[in-house]
Amino acid sequence: MSSPDLDKFFQVALELTRKGGQLVRTAFDQPASIVLTKSSDTDLVTETDQAVEKLLIAGLGKAFPDHKFIGEESAAAGQKYTLTDAPTWIIDPIDGTTNFVHRIPLVAICVGLTINKEPVVGIVYNPITNECFSAIKGRGAFKNGFPIHVSSTEALNKSVICTSLGIHNVVGVGPAWLDRALENHKKTVIAGVRGGFQMLFAMVTHLPKAVFVSQLGSIRTPDIVKGFIDSFKSAMVDKNAHGHRAFGSAAINMVYVAQGSIDAYIEYGLHSWDIAAAVVICREAGATLLDPTGAAFDLMSRKVLVAGTEKLAREISGVFTHTDFEREGEEK
Ligand code: IPD
């Protein structure tokens, strides 16, 4: 594939993504959306997700009739998909739908392109904050046109990492999922991570300089609530963390690694549309991407470990208990 082709793919995708952004922005300014659920009570979709995906697929399909598509909402509507060598657009119309539904401005339109199964173009656009992260393979990563780069942190006890409880996994893996995810959070505490993230616990040995992110998920058993409150108190009061935040979008977690705001991100149970676009941006920003087990990263394996340095990625990989998922998009 020649370079001018990639430029054209990128430019057309960027223009359509910005149009999709207008839909998201307009809907975000309205007081409410109609919210439907998909695989579980925590897996949400709105008319805006569907409208943005339709706009992107119609526009890209018109411009590039021989290209293929994998879209979150098309898949939710029952469309089967397999990743092939053909140019394939992998689309999440709103990553962070729960944030969108609750009018929290951490949402991203994600448009990635794979060729020969490799992500080569990526756009992660937050139309609310007007942050547009983008990359074309071999040309560097950018935010609103300015170059971005990962952090150089090499040790877990000096890092701020982001993880998510991945609550949807309770449906596929069963209640044991919670024990495993909580155990992994515990291990990061013991390893001395500066800030644990997007779901339960902030980890705390070096919290005085950290902004940490945690979030109480939709499962609220007494143990989980107590753990959340205890860790919050420990981080905010005993350890004097700089602050507390939560993100709620895999793509935003990843581009925050790409721009060096956080040092690493790990999550299980994702889909290719959550990460394909951000994969290109992270790689071009100098990140290491691995399967959480330490094996080579696989876009369809439903899990990701991304870090600013390989050393940090390998240390995190060694700390976590891993879970395997059936690869997505496999012919049955
Ligand atoms: C979700 C977000 C969230 C992650 C979930 C994803 P969606 O994507 O990326 O951060 O924890 O696993 O499903 O549904 O908002 O596009």
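Just the heavy atoms: all of them, side chains too, but no hydrogens, waters or symmetry mates, feed the values below. As the structure lists them, so they are numbered: ligands from 1, and atoms in each ligand from 1.
Of the N or O atoms in Thr98, none lie within a sub-3.5 Å distance of an N or O in ligand 1. By the 3.5 Å distance cut-off applied to N or O atoms, Leu270 is not counted among the residues near ligand 1. Residue Gly96 has at least one nitrogen or oxygen atom sitting less than 3.5 Å from a nitrogen or oxygen atom of ligand 1, judged on distance alone. Between Ala250 and ligand 1, at least one pair of N/O atoms sits closer than 3.5 Å.
Aromatic ring orientation, Phe64 versus Phe9: perpendicular (interplanar angle above 60°, classes split at 30° and 60°). Taking the six-membered ring for Trp and thresholds of 30 and 60 degrees, Tyr256 and Phe133 have ring planes inclined between 30 and 60 degrees apart.
With ligand atoms numbered from 1 in the order given, ligand 1 contributes 9 (O), 10 (O) to contacts under 4.0 Å with heavy atoms of Ser249. Every atom of ligand 1 with a heavy atom of Ile94 under 4.0 Å away is listed here by number and element: 15 (O), 16 (O). Near Asp92, with a cut-off below 4.0 Å to any heavy atom, the atoms of ligand 1 are 16 (O).
Looking only at distances, a side-chain donor or acceptor of Arg314 sits under 3.5 Å from a matching main-chain atom of Gly294.
Closest heavy-atom approach to atom 9 (O) of ligand 1 within the set Asp274, Asn99, Asp95: this belongs to Asp95. If you check each of Glu267, Glu72, Met254, Glu73 against atom 12 (O) of ligand 1, the one with the closest non-hydrogen atom is Glu267.
Salt-bridge check for Glu131 with Lys143: passed, with a basic side-chain N closer than 4.0 Å to an acidic carboxylate O.
His271 places a side-chain heavy atom less than 4.5 Å from the side chain of Glu328. Two residues are said to be in side-chain contact when any heavy atoms from C-beta on lie closer than 4.5 Å; Pro31 and Arg103 fail this criterion. At least one side-chain heavy atom of Leu14 sits under 4.5 Å from a side-chain heavy atom of Gln11.
The closest approach between Gly269 and ligand 1 stays at or above 4.0 Å for every heavy atom of the residue. Heavy atoms of Val107 come nearer than 4.0 angstrom to ligand 1 in no pair at all.
Across all their heavy atoms, Leu305 and Ala313 have their closest contact at CD2-O, 3.3 Å.
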